[in-house]
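Accompanying notes for the structure given below.
Keep in mind that the numbers below use all heavy atoms, side chains included, and drop hydrogens, waters and symmetry copies.
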Amino acid sequence: MSNDTFKIPVTLKQLITSNQAFHYRAVPISHDGETIHFKTDSEHIESLQQELSIILNQKIVLIPETQDNLQSYLTLNYRKANATQEKLHYEDNFLQKLIATAKDFGSSDIHMEPYEKFCRVRFRLDGKLKEQYTIAKKEFPQLVNQIKIQSGLDISQKRLAQDGRITFKAGSQEFDIRVSTMPTLYGEKIVLRLLNRDTQQVQLDDLGFTKAELALYREAVKNPQGIILISGPTGSGKTTTLYATLKELNKEVSNILTIEDPIEYTLEGVNQVQLREDIDFDFPAALRAFLRQDPDVIMVGEIRDDKTANMAIKAALTGHLVLSTIHTNSAWATISRLIDMNVPSFLLASTLTMSIAQRLVRKLCPHCKKEKNVETKDFPIGFEIPETLQKHFVAVGCNQCYQTGYLGRKAIYEILPITKELEKTIRHNELQIDDYLIENNINTLKTNAIRLVIEGHTSAEEVYALLGSN
């Protein structure tokens, strides 16, 4: 079943508290004004019915449900009833504790959102937001002001969005936090992006490449010139792949320059430059300056426009290895995107070494994932289920994974080396290569997603969009 099957309307959720839902193992599914119908996996139906009837002063009807399904109802509709979900009170070191907790959880972002009666705090865990705390509405302005002061923002300006930065220190830990404020109906929403300075854990071997894909990629980055592009939506791990690549290329004999917005990791031995569009120091301006700095490797954070694209091509043509990212849906779509940016096809054919598409998928929690038989309804309409897939795993949720059913993420790649045959295809603007991909056994994002489902690393639900793609 999909997650939507287990979601209930807010009006029903509010009939009982999170503590009550988890304590009684009961979830309301309908309410006609006189009677509340609950799903439960309790064996003590009669006594539970009496107790809920007294507490809620309503007629109660209990409907038996399996333990797994009931857990899904609880996980998707209520916060886990433990101390970390209680309402928090602002104190002098509250921000310090909040950031430290988010870091311990492995969160990438902290969202602080004001509403009419309270403010909620959500952590982004493995790419998905999860509510962790609520804060009293009257205490939230103090927290906002503290964040603004620490990040160098104007505390008197509440009507415009602002961006700042905080350096966080806790014992031996030190990392940067990007701060963004946004005025909303009930006050300013704050988002803190945790930027890890430590690159020790960033290794190409651990990202998700298959052995064959990694061998192709490493061969491509050995070239002294050319351009390698990684495509994908925001938050798909492109920058992490580039940093892992720079770590391997970071040798005494090489001069490596990067232009980034923002600088997310720091790499000793690499000359990293922060974009400053407010003084016209943008990607094209930085690239022009870089070419006068005798570089061997240039990393451009993102190709956003015609000028940046053409400057990157020029850098690759003049004997430099250029690494960058671009927003497209597949490795081959990068070609048409660059041509749309007015990059001449003959220059693109002679400079592009490899095009890569990337996505991040959540890995199933090994502590609670559950195996089940394959059913057509678990997959997109029209998707041809592989014969080898007789069983697959689904997310359940436990304390180890914060009731999400997933723990950690894994990258999947679509690696497209630009061969002599593809060079000719690009020169002649022949942008249909489906037969080429099949004949050369190129694994697409879809085929790699299917592989992860078959191997039990992730669920069909997690890669639903990729499975449904053509």
Hey, are the side chains of F168 and L194 touching, using non-hydrogen atoms and a 4.5 Å cut-off?
no
Check for me whether K370 meets the cation-pi criterion with F393, that is, NZ or CZ under 6.0 Å from the six-membered ring centre and within 45 degrees of the ring axis.
no
Give me the atom names and distance for the closest heavy-atom approach of Q225 to T353.
O-OG1, 4.0 Å
Is the closest basic N to carboxylate O distance between D378 and K372 below 4.0 Å?
yes
Where S324 and I303 come nearest, the two heavy atoms and their spacing:
OG-CG1, 3.4 Å
For residues I450 and P386, report the shortest heavy-atom separation together with the two atoms involved.
CG2-CG, 3.7 Å
N-O pairing of K251 and E248 below 4.0 Å:
no
Looking at C401 and G405, what are the two nearest heavy atoms and their distance?
SG-N, 3.1 Å
Under 3.5 Å, is there a donor-acceptor pair between the side chain of K148 and the main chain of Q157?
yes
Is the backbone N or O of T210 less than 3.5 Å from a side-chain atom of E213, with the two atoms forming a donor-acceptor pair by type?
yes
Looking at F123, I'd like to know if the NZ or CZ of K130 sits under 6.0 Å from its six-membered ring centre while staying within 45 degrees of the ring's axis.
no
Sort out for me which residue in T181, I190, V179, I155 forms a side-chain contact (heavy atoms from CB on, under 4.5 Å) with Q162.
T181
R276 side chain vs I279 backbone, donor-acceptor pair below 3.5 Å:
no
Is it true that N310 and N342 share a donor-acceptor pair across their side chains at a distance under 3.5 Å?
no
When you measure from the side chain of S151 to the backbone of R165, do you find a donor-acceptor pair of N or O atoms at a distance under 3.5 Å?
no
List the steps, then state whether side-chain contact (heavy atoms from CB on, under 4.5 Å) holds for V273 with F290.
CA-CA 10 Å; V273 177; F290 280 9; 3.9 Å; yes
T458 side chain to R362 backbone, donor-acceptor under 3.5 Å
yes
I381 atom CD1: more than 12 heavy-atom contacts under 6.0 Å
no
Near-ring test F379/H392, centroid separation under 6.0 angstrom:
yes
Heavy atoms of A349 and R427 approach each other most closely as CB-CG, 3.5 Å
Short question: side chain of Q358, backbone of G237 - any donor-acceptor pair under 3.5 Å?
yes
Pair R120 + E113: basic N to acidic O under 4.0 Å:
yes
Verify whether the ring centers belonging to Y73 and F6 lie closer than 6.0 Å.
yes
Neighbour count above 12 (heavy atom, 6.0 Å) for E384 CD:
no
Let's go through Y115 and Y186 carefully: what are the C-alpha distance in whole Å and the side-chain angles of both, what is the deciding distance for ring-ring contact (aromatic ring centres under 6.0 Å, His included) to 0.1 Å, and is it a yes or a no?
CA-CA 5 Å; Y115 295 97; Y186 295 109; 7.2 Å; no
Are more than 12 heavy atoms, taken from residues, nucleotides or ligands other than K189, located less than 6.0 Å from that residue's NZ atom?
yes
Closest contact, heavy atoms only, L389 versus V374
O-CG2, 3.2 Å
